[in-house]
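First listed ligand is number 1; within each ligand, the first listed atom is number 1. Bear in mind that the values here come from a model prediction, so they are computed numbers and not experimental data.
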Amino acid sequence: MTDDLQQYLVPQEPYYRAVDDEVSLFEAAYAAKMPVMLKGPTGCGKTRFVEYMAWKLGKPLVTVACNEDMTASDLVGRYLLDADGTRWQDGPLTFAARHGAICYLDEIVEARQDTTVVIHPLTDNRRVLPLEKKGELLRAHEDFHLVISYNPGYQSLMKDLKQSTKQRFGALDFSYPKHGVEVEIVAHEAGVDSAAADKLVSIAERARNLKGHGLDEGISTRMLIHAGSLMARGIAAPAACEMALVSPITDDPDMRDALDAAVGTYF
Ligand code: ADP
């Protein structure tokens, strides 16, 4: 493995608490060369899961945070000018396909549709990537695997993945873990005891009921870990919850009152 590729290996086993049979499903999809879509709200473990799977499979992981300014060239590559003239530089997707890495396109829907379609020939049995500017038809390495994340909550008619893109993937649904599992994760990641983690999860469960009734997204596992991390550093629970759970997700005074009341029930 080249040094360039080596740096993308996940060096240590990431802590990942499996919530269902997602690990064996992903392994089977990897073996079957079936691209995988991780669906679910932000902060519920999708990125951690991919890191864990890359480590478990011993494959390098190339992650791209997609955004609306991203062009196809940002993914595929471009010619650069240097002192010796022009030089082709592989983009992250090409790099992963050429060398056999797992390529994780995070929040793919943020990218423009003309960018998204470049993944199509890689996601069917051709497994090729045409590098038009370079005049090369790249055949993906045996070990190459494509993973995308997708948050169905954010989608609007204007911004959604095309059916022709969606149908190329097998999907794993992620959502907030069950109470006991989420308590375990928060306690582990934030370094708080299970009693405190239990209260934080209970607050989140109440707040999640407000989704669609004034809140766009529920309080995520990530936010609970933030609150717990402040508490583990000596911040009083109400202040930690205010900073990590309430203020970030809403500016609406009524919503803040509702969330404060949920916090007050437990702390
Ligand atoms: P997403 O990619 O879905 O936005 P992340 O994977 O970044 O979310 O998850 C946020 C944090 O929550 C992670 O850094 C990790 O600490 C924690 N987490 C969530 N789910 C799990 C899980 N099942 N096992 C271990 N940690 C988890």
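The closest protein non-hydrogen atom to atom 22 (C) of ligand 1 is I185 CD1, 3.3 Å. Among all protein heavy atoms, the one lying closest to atom 2 (O) of ligand 1 is T47 OG1, 2.5 Å. For atom 6 (O) of ligand 1, the closest non-hydrogen atom on the protein side is R48 N, 2.9 Å. Atom 11 (C) of ligand 1 has as its closest protein heavy atom I225 CD1, 4.1 Å. If you check which protein heavy atom lies closest to atom 24 (N) of ligand 1, you get R17 N, 2.9 Å.
Residue V128 belongs to a hydrophobic cluster whose other members are L137, with links defined by side-chain heavy atoms closer than 4.5 Å. Here I235 sits in one hydrophobic cluster together with L230, M243; the rule is ILVMFWY side chains under 4.5 Å apart, joined directly or through other members.
Compare R222, H188, M223 by their heavy atoms: the one nearest to atom 7 (O) of ligand 1 is in R222. Nearest-heavy-atom check against atom 25 (C) of ligand 1 across F49, Y15, Y104, Y176 picks out Y15. Of the listed residues (G40, A18, P14, G45), the one carrying the non-hydrogen atom nearest atom 19 (C) of ligand 1 is G45.
Distances between N or O atoms of T221 and those of ligand 1 include no value under 3.5 Å. Ligand 1 has no N or O atom lying under 3.5 Å from any N or O atom of P177, backbone or side chain.
The one candidate from D20, V147, L25, D21 that meets the side-chain contact (heavy atoms from CB on, under 4.5 Å) condition with L172 is L25.
With a 4.0 Å heavy-atom cut-off, ligand 1 is reached by the side chain of E189 but not by its N, CA, C or O. With a 4.0 Å heavy-atom cut-off, ligand 1 is reached by no atom of L38.
Using a 3.5 Å distance cut-off with no hydrogens or angles, the side chains of S247 and R256 do pair a donor with an acceptor. A donor and an acceptor atom, one from each side chain of E217 and T42, are nowhere located under 3.5 Å apart.
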Fill in: From CA spacing to verdict: side-chain contact (heavy atoms from CB on, under 4.5 Å), M37, R168
CA-CA 9 Å; M37 174 190 323; R168 291 161 184 276; over 6 Å; no
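Heavy atoms only, all atoms of each residue included: Y176 and I219 are closest at CE2-O, 4.0 Å. The nearest pair of heavy atoms linking I148 to Y104 is C-CE1, 4.1 Å.
For G43, the heavy-atom gap to ligand 1 drops under 4.0 angstrom.
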